[in-house]
There are 2 protein chains.
Amino acid sequence: MSALHHTGYDPARVIPLAPAARAPSAEAVLGRVATTIRAAKHEAICHDGDEADAYFRVETGCLRVSKTLSDGRRHVVDFLFAGGFFGLTQGDTCDCTVEALTDTVLTRFPRRQLEAIAERDPATCNMLRRAVNAALSAAQVRSMLLARLSAEERLAAFLLDLAGRTGATRRLPLPMTRVDIGDYLGLTIETVSRTFTKFRTRGWIHLGASQDVTLVALDRLGELSEGGVLQAA
Amino acid sequence: MSALHHTGYDPARVIPLAPAARAPSAEAVLGRVATTIRAAKHEAICHDGDEADAYFRVETGCLRVSKTLSDGRRHVVDFLFAGGFFGLTQGDTCDCTVEALTDTVLTRFPRRQLEAIAERDPATCNMLRRAVNAALSAAQVRSMLLARLSAEERLAAFLLDLAGRTGATRRLPLPMTRVDIGDYLGLTIETVSRTFTKFRTRGWIHLGASQDVTLVALDRLGELSEGGVLQAA
DNA sequence: CGGTACGTTGAATCCGATCAAAGCGTGTGG
DNA sequence: CCACACGCTTTGATCGGATTCAACGTACCG
(Lines give C-alpha, C1' and ligand atoms only; values in the text may rest on other atoms or scores of the structure.)
Protein backbone atom coordinates (compact mmCIF):
# COMPACT_ATOMS: atom_id res chain seq x y z
CA MET A 1 0.00 0.00 0.00
CA SER A 2 1.09 3.48 -0.64
CA ALA A 3 2.58 5.67 1.94
CA LEU A 4 -0.31 8.04 1.72
CA HIS A 5 -2.90 5.65 2.88
CA HIS A 6 -2.20 3.28 5.62
CA THR A 7 0.58 5.16 7.16
CA GLY A 8 0.11 3.08 10.17
CA TYR A 9 -1.69 5.98 11.66
CA ASP A 10 -4.65 3.85 11.98
CA PRO A 11 -5.81 4.69 15.40
CA ALA A 12 -7.91 1.63 15.79
CA ARG A 13 -4.82 -0.42 15.44
CA VAL A 14 -2.36 1.84 17.11
CA ILE A 15 -3.97 2.32 20.42
CA PRO A 16 -5.19 -1.08 21.28
CA LEU A 17 -1.48 -1.72 21.37
CA ALA A 18 0.49 -3.65 18.87
CA PRO A 19 2.77 -5.63 21.15
CA ALA A 20 -0.07 -7.34 22.85
CA ALA A 21 2.05 -8.64 25.64
CA ARG A 22 2.24 -5.23 27.21
CA ALA A 23 -1.30 -4.23 26.56
CA PRO A 24 -3.02 -5.79 29.53
CA SER A 25 -0.83 -3.89 31.89
CA ALA A 26 -1.32 -0.51 30.26
CA GLU A 27 -5.01 -1.10 29.66
CA ALA A 28 -5.58 -2.16 33.21
CA VAL A 29 -3.73 0.78 34.67
CA LEU A 30 -5.43 3.28 32.42
CA GLY A 31 -8.85 1.80 32.92
CA ARG A 32 -8.80 2.98 36.47
CA VAL A 33 -8.73 6.67 35.57
CA ALA A 34 -10.87 6.50 32.44
CA THR A 35 -14.40 7.82 32.18
CA THR A 36 -16.85 7.75 29.29
CA ILE A 37 -17.98 10.99 27.71
CA ARG A 38 -20.59 11.71 25.10
CA ALA A 39 -20.62 14.60 22.66
CA ALA A 40 -23.58 15.50 20.49
CA LYS A 41 -23.22 16.38 16.83
CA HIS A 42 -21.70 19.86 16.43
CA GLU A 43 -20.61 19.98 20.05
CA ALA A 44 -17.08 21.14 20.80
CA ILE A 45 -14.92 19.04 23.09
CA CYS A 46 -12.21 21.66 23.43
CA HIS A 47 -11.01 24.89 21.87
CA ASP A 48 -7.62 25.98 20.66
CA GLY A 49 -5.98 27.73 23.59
CA ASP A 50 -8.06 26.10 26.30
CA GLU A 51 -6.30 24.47 29.16
CA ALA A 52 -5.55 20.89 28.16
CA ASP A 53 -6.91 18.90 31.05
CA ALA A 54 -7.45 15.54 29.45
CA TYR A 55 -6.54 13.06 26.80
CA PHE A 56 -9.36 11.49 24.75
CA ARG A 57 -9.80 8.36 22.72
CA VAL A 58 -12.67 8.09 20.26
CA GLU A 59 -14.88 5.04 20.74
CA THR A 60 -17.56 5.72 18.15
CA GLY A 61 -18.39 8.65 15.91
CA CYS A 62 -16.33 11.20 14.04
CA LEU A 63 -14.52 14.34 15.18
CA ARG A 64 -12.92 17.27 13.42
CA VAL A 65 -9.61 18.65 14.69
CA SER A 66 -8.89 22.17 13.44
CA LYS A 67 -6.95 25.39 13.81
CA THR A 68 -8.14 28.82 12.76
CA LEU A 69 -5.98 31.79 11.84
CA SER A 70 -6.64 35.26 13.12
CA ASP A 71 -7.96 36.29 9.71
CA GLY A 72 -10.44 33.43 9.60
CA ARG A 73 -8.62 30.97 7.39
CA ARG A 74 -9.16 27.55 8.84
CA HIS A 75 -7.18 24.35 8.58
CA VAL A 76 -8.55 20.96 9.44
CA VAL A 77 -5.67 19.08 11.00
CA ASP A 78 -7.41 15.73 11.04
CA PHE A 79 -10.63 13.78 11.18
CA LEU A 80 -10.82 11.22 13.95
CA PHE A 81 -12.76 7.97 13.91
CA ALA A 82 -13.02 5.10 16.37
CA GLY A 83 -9.59 4.51 17.84
CA GLY A 84 -8.35 8.02 17.11
CA PHE A 85 -7.05 10.15 19.92
CA PHE A 86 -6.24 13.75 20.82
CA GLY A 87 -5.23 15.86 23.75
CA LEU A 88 -1.60 14.84 23.99
CA THR A 89 -0.09 18.26 23.65
CA GLN A 90 3.26 19.37 24.84
CA GLY A 91 2.34 22.51 26.71
CA ASP A 92 -0.67 22.61 28.96
CA THR A 93 -3.01 24.17 26.45
CA CYS A 94 -4.93 22.57 23.60
CA ASP A 95 -3.35 23.41 20.27
CA CYS A 96 -6.45 22.64 18.25
CA THR A 97 -10.21 22.90 18.40
CA VAL A 98 -12.00 19.56 18.44
CA GLU A 99 -15.65 19.24 17.46
CA ALA A 100 -18.04 16.35 16.94
CA LEU A 101 -19.25 15.78 13.39
CA THR A 102 -21.61 13.07 14.58
CA ASP A 103 -22.83 11.99 17.97
CA THR A 104 -19.72 10.63 19.59
CA VAL A 105 -18.61 8.45 22.48
CA LEU A 106 -15.20 9.15 23.95
CA THR A 107 -13.02 7.78 26.68
CA ARG A 108 -11.51 10.50 28.78
CA PHE A 109 -8.21 10.23 30.65
CA PRO A 110 -7.46 13.11 33.03
CA ARG A 111 -4.19 14.66 32.03
CA ARG A 112 -2.58 14.83 35.46
CA GLN A 113 -3.35 11.25 36.22
CA LEU A 114 -2.36 10.00 32.80
CA GLU A 115 0.94 11.84 32.99
CA ALA A 116 1.54 10.52 36.48
CA ILE A 117 0.98 6.98 35.28
CA ALA A 118 3.20 7.45 32.23
CA GLU A 119 5.84 8.84 34.52
CA ARG A 120 6.31 5.54 36.26
CA ASP A 121 4.75 2.88 34.02
CA PRO A 122 6.87 2.10 30.95
CA ALA A 123 4.09 0.10 29.29
CA THR A 124 1.73 3.07 29.29
CA CYS A 125 4.43 5.51 28.32
CA ASN A 126 5.55 3.39 25.40
CA MET A 127 2.02 2.94 24.23
CA LEU A 128 1.54 6.68 24.16
CA ARG A 129 4.89 7.15 22.52
CA ARG A 130 4.04 4.75 19.72
CA ALA A 131 0.69 6.41 19.18
CA VAL A 132 2.25 9.85 18.90
CA ASN A 133 4.93 8.44 16.65
CA ALA A 134 2.34 7.03 14.28
CA ALA A 135 0.56 10.37 14.24
CA LEU A 136 3.84 12.09 13.38
CA SER A 137 4.48 9.78 10.44
CA ALA A 138 0.97 10.42 9.20
CA ALA A 139 1.45 14.17 9.56
CA GLN A 140 4.62 14.01 7.47
CA VAL A 141 2.86 12.17 4.69
CA ARG A 142 0.07 14.71 4.88
CA SER A 143 2.49 17.57 4.51
CA MET A 144 3.75 16.00 1.31
CA LEU A 145 0.18 15.73 0.09
CA LEU A 146 -0.42 19.40 0.81
CA ALA A 147 2.87 20.54 -0.64
CA ARG A 148 3.02 18.52 -3.81
CA LEU A 149 -0.19 16.84 -4.92
CA SER A 150 -2.83 18.24 -7.28
CA ALA A 151 -6.47 18.62 -6.30
CA GLU A 152 -7.41 15.32 -7.93
CA GLU A 153 -4.55 13.50 -6.27
CA ARG A 154 -5.44 14.95 -2.90
CA LEU A 155 -9.06 13.94 -3.10
CA ALA A 156 -8.22 10.44 -4.33
CA ALA A 157 -5.75 10.02 -1.48
CA PHE A 158 -8.32 11.35 0.95
CA LEU A 159 -11.00 8.89 -0.13
CA LEU A 160 -8.66 5.92 0.01
CA ASP A 161 -7.29 6.99 3.37
CA LEU A 162 -10.82 7.36 4.68
CA ALA A 163 -11.69 3.91 3.43
CA GLY A 164 -8.67 2.47 5.19
CA ARG A 165 -9.37 4.28 8.43
CA THR A 166 -13.05 3.57 8.70
CA GLY A 167 -12.58 -0.03 7.66
CA ALA A 168 -15.06 0.45 4.84
CA THR A 169 -14.38 -1.45 1.68
CA ARG A 170 -16.16 0.54 -0.98
CA ARG A 171 -18.99 2.46 0.55
CA LEU A 172 -17.92 5.09 3.02
CA PRO A 173 -19.68 7.59 5.20
CA LEU A 174 -18.83 11.26 4.69
CA PRO A 175 -19.81 12.87 7.97
CA MET A 176 -17.93 16.03 7.02
CA THR A 177 -19.05 18.83 4.69
CA ARG A 178 -17.28 20.02 1.54
CA VAL A 179 -15.95 22.93 3.55
CA ASP A 180 -14.37 20.52 6.00
CA ILE A 181 -12.84 18.47 3.21
CA GLY A 182 -11.56 21.62 1.55
CA ASP A 183 -10.00 22.86 4.75
CA TYR A 184 -8.46 19.44 5.27
CA LEU A 185 -6.98 19.20 1.78
CA GLY A 186 -6.01 22.83 1.36
CA LEU A 187 -8.63 23.47 -1.33
CA THR A 188 -11.84 25.50 -1.65
CA ILE A 189 -15.30 23.95 -1.50
CA GLU A 190 -15.80 24.68 -5.20
CA THR A 191 -12.66 22.79 -6.13
CA VAL A 192 -13.61 19.89 -3.91
CA SER A 193 -17.07 19.78 -5.43
CA ARG A 194 -15.77 19.99 -8.99
CA THR A 195 -13.28 17.23 -8.32
CA PHE A 196 -15.98 15.01 -6.87
CA THR A 197 -17.99 15.68 -10.02
CA LYS A 198 -15.04 14.75 -12.23
CA PHE A 199 -14.61 11.45 -10.42
CA ARG A 200 -18.33 10.79 -10.69
CA THR A 201 -18.58 11.55 -14.40
CA ARG A 202 -15.60 9.28 -15.00
CA GLY A 203 -17.48 6.57 -13.19
CA TRP A 204 -14.85 6.24 -10.49
CA ILE A 205 -17.16 6.94 -7.60
CA HIS A 206 -20.86 7.06 -6.88
CA LEU A 207 -22.18 9.86 -4.72
CA GLY A 208 -24.94 8.69 -2.46
CA ALA A 209 -27.54 10.81 -0.79
CA SER A 210 -25.23 13.51 0.43
CA GLN A 211 -23.56 11.69 3.28
CA ASP A 212 -21.71 8.82 1.66
CA VAL A 213 -19.61 7.83 -1.34
CA THR A 214 -19.07 4.50 -2.99
CA LEU A 215 -15.66 3.92 -4.48
CA VAL A 216 -16.13 2.18 -7.81
CA ALA A 217 -12.72 2.35 -9.47
CA LEU A 218 -10.36 1.80 -6.58
CA ASP A 219 -7.55 1.11 -9.04
CA ARG A 220 -7.97 4.47 -10.77
CA LEU A 221 -8.07 6.34 -7.51
CA GLY A 222 -5.05 4.36 -6.40
CA GLU A 223 -3.07 5.28 -9.49
CA LEU A 224 -3.76 8.95 -8.87
CA SER A 225 -2.70 9.04 -5.26
CA GLU A 226 -0.15 6.31 -5.62
CA GLY A 227 1.49 7.77 -8.68
CA GLY A 228 1.80 10.60 -6.32
CA VAL A 229 2.93 8.96 -3.24
CA LEU A 230 4.96 5.89 -3.86
CA GLN A 231 8.55 6.20 -2.88
CA ALA A 232 11.21 6.38 -5.51
CA ALA A 233 14.17 4.03 -5.36
CA MET B 1 23.83 18.65 28.05
CA SER B 2 21.25 15.99 28.47
CA ALA B 3 21.13 13.10 26.11
CA LEU B 4 18.19 13.08 23.80
CA HIS B 5 16.98 16.56 23.94
CA HIS B 6 15.93 19.10 21.48
CA THR B 7 13.28 18.33 19.03
CA GLY B 8 14.86 20.61 16.59
CA TYR B 9 11.84 22.82 16.75
CA ASP B 10 12.30 24.61 19.90
CA PRO B 11 15.11 22.58 21.15
CA ALA B 12 16.44 24.41 24.05
CA ARG B 13 13.05 24.74 25.60
CA VAL B 14 11.51 21.40 24.95
CA ILE B 15 14.03 18.89 25.97
CA PRO B 16 15.97 20.05 28.91
CA LEU B 17 12.90 18.52 30.41
CA ALA B 18 10.70 20.44 32.66
CA PRO B 19 10.93 18.07 35.57
CA ALA B 20 14.69 18.35 35.60
CA ALA B 21 15.01 15.71 38.23
CA ARG B 22 14.58 12.95 35.68
CA ALA B 23 17.02 14.14 33.08
CA PRO B 24 20.19 12.86 34.71
CA SER B 25 18.85 9.35 34.81
CA ALA B 26 17.91 9.19 31.15
CA GLU B 27 21.09 10.99 30.30
CA ALA B 28 23.30 8.50 32.07
CA VAL B 29 21.52 5.47 30.72
CA LEU B 30 21.59 6.65 27.14
CA GLY B 31 25.17 7.79 27.28
CA ARG B 32 26.25 4.18 27.55
CA VAL B 33 24.94 3.20 24.12
CA ALA B 34 25.71 6.42 22.26
CA THR B 35 28.45 6.82 19.70
CA THR B 36 29.57 9.83 17.71
CA ILE B 37 29.23 9.85 13.92
CA ARG B 38 30.38 12.30 11.32
CA ALA B 39 28.80 12.97 7.95
CA ALA B 40 30.43 15.04 5.23
CA LYS B 41 28.52 17.64 3.25
CA HIS B 42 26.18 15.92 0.74
CA GLU B 43 26.56 12.57 2.43
CA ALA B 44 23.40 10.57 3.10
CA ILE B 45 22.84 9.16 6.57
CA CYS B 46 19.93 6.99 5.52
CA HIS B 47 17.50 6.45 2.68
CA ASP B 48 13.75 6.15 2.62
CA GLY B 49 12.98 2.47 2.90
CA ASP B 50 16.27 1.45 4.49
CA GLU B 51 16.16 -0.57 7.64
CA ALA B 52 15.97 1.83 10.54
CA ASP B 53 18.73 0.67 12.80
CA ALA B 54 19.40 3.76 14.81
CA TYR B 55 18.16 7.02 16.20
CA PHE B 56 20.29 10.14 15.68
CA ARG B 57 20.64 13.48 17.35
CA VAL B 58 22.36 16.35 15.54
CA GLU B 59 25.25 17.94 17.45
CA THR B 60 26.50 20.39 14.86
CA GLY B 61 25.69 21.05 11.22
CA CYS B 62 22.53 20.93 9.15
CA LEU B 63 20.60 18.02 7.64
CA ARG B 64 17.82 17.72 5.11
CA VAL B 65 15.02 15.22 5.73
CA SER B 66 13.05 14.40 2.58
CA LYS B 67 10.70 12.08 0.75
CA THR B 68 10.59 11.60 -3.01
CA LEU B 69 7.61 10.44 -5.06
CA SER B 70 7.91 7.86 -7.78
CA ASP B 71 7.54 10.55 -10.42
CA GLY B 72 10.37 12.60 -8.98
CA ARG B 73 8.45 15.19 -7.02
CA ARG B 74 10.28 15.75 -3.79
CA HIS B 75 9.18 17.06 -0.45
CA VAL B 76 11.53 18.29 2.21
CA VAL B 77 9.98 17.22 5.48
CA ASP B 78 12.34 19.21 7.63
CA PHE B 79 15.75 20.78 8.08
CA LEU B 80 17.57 19.73 11.23
CA PHE B 81 20.05 21.80 13.20
CA ALA B 82 21.92 21.18 16.44
CA GLY B 83 19.53 19.45 18.80
CA GLY B 84 17.32 18.07 16.05
CA PHE B 85 16.71 14.35 15.84
CA PHE B 86 15.47 11.67 13.49
CA GLY B 87 15.18 7.92 13.21
CA LEU B 88 12.29 7.41 15.59
CA THR B 89 10.02 5.68 13.16
CA GLN B 90 7.23 3.35 13.97
CA GLY B 91 7.99 0.46 11.68
CA ASP B 92 11.51 -0.80 11.28
CA THR B 93 12.28 1.11 8.12
CA CYS B 94 13.29 4.73 7.64
CA ASP B 95 10.41 6.76 6.27
CA CYS B 96 12.59 9.56 4.97
CA THR B 97 15.95 10.16 3.34
CA VAL B 98 18.35 12.17 5.48
CA GLU B 99 21.31 13.98 3.96
CA ALA B 100 23.94 16.37 5.29
CA LEU B 101 23.80 19.91 3.94
CA THR B 102 27.00 20.77 5.78
CA ASP B 103 29.64 18.69 7.52
CA THR B 104 27.79 17.29 10.46
CA VAL B 105 28.42 15.66 13.81
CA LEU B 106 25.76 13.28 15.10
CA THR B 107 25.19 11.15 18.14
CA ARG B 108 23.96 7.70 17.26
CA PHE B 109 21.78 5.51 19.47
CA PRO B 110 21.33 1.92 18.24
CA ARG B 111 17.66 1.28 17.77
CA ARG B 112 17.45 -2.07 19.53
CA GLN B 113 19.27 -0.81 22.57
CA LEU B 114 17.37 2.45 22.70
CA GLU B 115 14.05 0.63 22.46
CA ALA B 116 15.15 -1.82 25.11
CA ILE B 117 16.00 1.03 27.45
CA ALA B 118 12.75 2.86 26.73
CA GLU B 119 10.91 -0.36 27.40
CA ARG B 120 11.92 -0.37 31.04
CA ASP B 121 13.07 3.14 31.86
CA PRO B 122 10.17 5.60 32.15
CA ALA B 123 12.51 8.59 32.22
CA THR B 124 13.94 7.76 28.83
CA CYS B 125 10.60 6.80 27.38
CA ASN B 126 8.97 10.01 28.53
CA MET B 127 11.80 12.06 27.17
CA LEU B 128 11.37 10.45 23.78
CA ARG B 129 7.64 10.83 23.99
CA ARG B 130 7.91 14.55 24.68
CA ALA B 131 10.35 15.00 21.83
CA VAL B 132 8.06 13.25 19.36
CA ASN B 133 5.14 15.20 20.71
CA ALA B 134 6.88 18.48 20.05
CA ALA B 135 7.71 17.33 16.53
CA LEU B 136 4.05 16.46 15.98
CA SER B 137 2.89 19.90 17.05
CA ALA B 138 5.41 21.48 14.71
CA ALA B 139 4.25 19.23 11.87
CA GLN B 140 0.66 20.34 12.40
CA VAL B 141 1.62 23.98 12.20
CA ARG B 142 3.59 23.23 9.07
CA SER B 143 0.63 21.55 7.44
CA MET B 144 -1.38 24.69 8.03
CA LEU B 145 1.40 26.71 6.43
CA LEU B 146 1.35 24.46 3.37
CA ALA B 147 -2.41 24.33 3.14
CA ARG B 148 -3.29 27.96 3.67
CA LEU B 149 -0.44 30.46 3.44
CA SER B 150 0.69 32.38 0.34
CA ALA B 151 4.22 32.22 -1.01
CA GLU B 152 5.21 35.39 0.80
CA GLU B 153 3.72 34.22 4.05
CA ARG B 154 5.47 30.89 3.77
CA LEU B 155 8.87 32.39 3.14
CA ALA B 156 8.46 34.91 5.95
CA ALA B 157 7.44 32.15 8.33
CA PHE B 158 10.36 30.05 7.14
CA LEU B 159 12.92 32.78 7.75
CA LEU B 160 11.60 33.57 11.21
CA ASP B 161 11.42 29.90 12.12
CA LEU B 162 14.97 29.44 10.93
CA ALA B 163 16.10 32.37 13.02
CA GLY B 164 14.41 30.87 16.07
CA ARG B 165 15.84 27.44 15.50
CA THR B 166 19.41 28.42 14.80
CA GLY B 167 19.42 30.92 17.61
CA ALA B 168 20.46 33.63 15.17
CA THR B 169 19.12 37.07 15.85
CA ARG B 170 19.19 38.73 12.50
CA ARG B 171 21.86 37.17 10.34
CA LEU B 172 21.21 33.55 9.49
CA PRO B 173 23.02 30.90 7.54
CA LEU B 174 21.19 29.36 4.58
CA PRO B 175 22.94 26.04 4.08
CA MET B 176 20.14 24.88 1.79
CA THR B 177 19.59 25.74 -1.88
CA ARG B 178 16.55 27.41 -3.40
CA VAL B 179 15.41 23.99 -4.57
CA ASP B 180 15.52 22.74 -0.99
CA ILE B 181 13.58 25.73 0.27
CA GLY B 182 11.04 25.32 -2.51
CA ASP B 183 10.59 21.65 -1.73
CA TYR B 184 10.22 22.53 1.93
CA LEU B 185 7.63 25.25 1.39
CA GLY B 186 5.74 23.59 -1.44
CA LEU B 187 6.88 26.17 -4.01
CA THR B 188 9.10 26.20 -7.09
CA ILE B 189 12.62 27.62 -7.09
CA GLU B 190 11.48 30.48 -9.27
CA THR B 191 8.78 31.48 -6.83
CA VAL B 192 11.19 31.24 -3.91
CA SER B 193 13.71 33.36 -5.77
CA ARG B 194 11.15 35.96 -6.77
CA THR B 195 9.84 36.17 -3.24
CA PHE B 196 13.35 36.65 -1.87
CA THR B 197 13.77 39.43 -4.39
CA LYS B 198 10.51 41.07 -3.31
CA PHE B 199 11.61 41.04 0.32
CA ARG B 200 14.99 42.45 -0.67
CA THR B 201 13.61 45.27 -2.79
CA ARG B 202 11.25 46.20 0.03
CA GLY B 203 14.27 46.42 2.28
CA TRP B 204 13.04 43.70 4.59
CA ILE B 205 16.05 41.45 4.21
CA HIS B 206 19.58 41.63 2.96
CA LEU B 207 20.92 38.76 0.90
CA GLY B 208 24.55 38.04 1.67
CA ALA B 209 27.02 36.22 -0.47
CA SER B 210 24.80 33.32 -1.39
CA GLN B 211 24.78 31.42 1.89
CA ASP B 212 23.19 33.77 4.37
CA VAL B 213 20.41 36.30 4.89
CA THR B 214 20.09 39.19 7.27
CA LEU B 215 16.62 39.95 8.50
CA VAL B 216 16.17 43.70 8.52
CA ALA B 217 12.45 44.24 9.06
CA LEU B 218 11.57 41.53 11.55
CA ASP B 219 8.29 43.27 12.27
CA ARG B 220 7.19 43.18 8.63
CA LEU B 221 8.09 39.54 8.26
CA GLY B 222 6.31 38.89 11.51
CA GLU B 223 3.12 40.53 10.33
CA LEU B 224 3.13 38.41 7.22
CA SER B 225 3.64 35.06 8.89
CA GLU B 226 1.81 35.99 12.04
CA GLY B 227 -1.21 37.29 10.24
CA GLY B 228 -0.97 33.79 9.02
CA VAL B 229 0.03 31.79 12.00
CA LEU B 230 -1.41 33.42 15.06
CA GLN B 231 -4.32 31.64 16.58
CA ALA B 232 -7.74 33.16 16.47
CA ALA B 233 -9.60 33.48 19.76
C1' DC C 1 39.44 29.36 -19.51
C1' DG C 2 35.32 26.11 -20.22
C1' DG C 3 32.05 23.63 -17.48
C1' DT C 4 28.68 22.95 -14.21
C1' DA C 5 25.53 23.99 -10.69
C1' DC C 6 22.89 27.49 -8.72
C1' DG C 7 20.31 31.80 -8.89
C1' DT C 8 17.71 35.49 -11.06
C1' DT C 9 14.52 37.46 -14.29
C1' DG C 10 11.00 37.59 -18.04
C1' DA C 11 6.87 35.96 -20.65
C1' DA C 12 3.23 32.81 -21.26
C1' DT C 13 0.29 29.42 -19.30
C1' DC C 14 -2.62 27.00 -16.09
C1' DC C 15 -4.76 25.29 -11.99
C1' DG C 16 -7.27 26.50 -8.40
C1' DA C 17 -9.42 30.69 -6.24
C1' DT C 18 -12.87 33.99 -6.39
C1' DC C 19 -17.22 35.90 -7.61
C1' DA C 20 -21.88 34.84 -8.75
C1' DA C 21 -26.02 32.30 -9.14
C1' DA C 22 -28.79 28.60 -9.21
C1' DG C 23 -30.25 23.64 -7.36
C1' DC C 24 -31.47 20.77 -3.48
C1' DG C 25 -32.91 18.93 1.10
C1' DT C 26 -34.32 19.38 5.37
C1' DG C 27 -36.61 21.24 9.11
C1' DT C 28 -39.64 24.65 11.18
C1' DG C 29 -43.44 27.63 11.73
C1' DG C 30 -47.55 29.44 9.77
C1' DC D 1 -49.47 20.16 4.97
C1' DC D 2 -47.29 23.47 2.59
C1' DA D 3 -44.24 27.57 2.32
C1' DC D 4 -40.32 29.34 3.18
C1' DA D 5 -35.77 29.79 4.84
C1' DC D 6 -31.36 28.25 5.68
C1' DG D 7 -27.40 25.45 4.91
C1' DC D 8 -24.97 22.80 1.75
C1' DT D 9 -23.70 21.60 -2.93
C1' DT D 10 -23.18 22.22 -7.71
C1' DT D 11 -22.09 24.73 -11.80
C1' DG D 12 -20.55 28.71 -14.56
C1' DA D 13 -17.53 32.80 -15.64
C1' DT D 14 -13.62 35.21 -14.61
C1' DC D 15 -9.44 36.28 -12.12
C1' DG D 16 -4.91 35.76 -10.28
C1' DG D 17 -0.88 33.68 -7.99
C1' DA D 18 2.17 30.29 -8.80
C1' DT D 19 4.05 27.25 -12.29
C1' DT D 20 6.22 26.44 -16.47
C1' DC D 21 9.20 27.42 -20.18
C1' DA D 22 13.10 29.97 -21.48
C1' DA D 23 17.14 32.71 -21.16
C1' DC D 24 20.72 34.91 -18.93
C1' DG D 25 23.83 35.94 -14.94
C1' DT D 26 27.14 34.39 -11.55
C1' DA D 27 30.19 31.71 -8.62
C1' DC D 28 32.99 28.01 -7.97
C1' DC D 29 36.28 24.44 -9.56
C1' DG D 30 38.77 21.37 -12.33
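All chains are named by letter (A, B, ...) in the order of the sequence lines, taking the proteins before the strands, and each is independently numbered beginning at 1.
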### Task
Mind checking side chain to side chain contact (heavy atoms under 4.5 Å, CB included) for A/Ile189 and listing every partner two or more places apart, or none if nothing turns up?
A/Arg178, A/Val179
### Protein proximity profile, nucleotides 14-21 of chain D - base contact B, sugar-phosphate-only contact S, no contact -, cut-off 4.0 Å on heavy atoms
----SBBB
### Query
Base, sugar-phosphate, or nothing: which does A/Thr177 touch, judged by heavy atoms less than 4.0 Å apart?
sugar-phosphate
### Query
Within this structure, what is the CD-to-P distance between A/Gln211 and D/dG7, rounded to whole angstrom?
16 Å
### Query
Looking at A/Phe109, A/Phe56, A/Tyr55, which one forms a ring pair (Phe, Tyr, Trp, His ring centres under 6.0 Å) with A/Phe85?
A/Tyr55
### Task
Please determine if B/Arg142 and B/Asp161 form a salt bridge, counting it only when a charged side-chain N lies under 4.0 Å from a carboxylate O.
no
### A/Arg154 to A/Tyr184 six-membered ring, cation-pi geometry met (6.0 Å, 45°)
no
### Query
So does B/Asp183 pair up with B/Arg74, basic N to acidic O under 4.0 Å?
yes
### Query
What is the nucleic acid contact for A/Arg200, judged by heavy atoms within less than 4.0 Å: base, sugar-phosphate only, or nothing?
sugar-phosphate
#### Entry: Atom pair distance, as rounded to whole Å: CZ in B/Phe196 and P in C/dT9
13 Å
### Task
Could you check how far CG of B/Asp212 sits from P of C/dG7, rounded to whole Å?
13 Å
#### Entry: Protein-nucleotide distance (A/Leu155, atom CG; C/dC15, atom P), rounded to Å
17 Å
### Length of the line joining A/Leu207:CG and D/dC8:P, which is rounded to integer Å
17 Å
#### Entry: Integer-rounded Å distance: C/dA17 C1' and A/Leu185 CG
15 Å
#### Entry: Nucleotide D/dT26, atom P - distance to CZ of B/Arg178 in whole Å
15 Å
## Note on the structure
Residues at least two apart in sequence or cross-chain that pass ring pair (Phe, Tyr, Trp, His ring centres under 6.0 Å) with A/Phe199, listed by chain then number, are A/Trp204
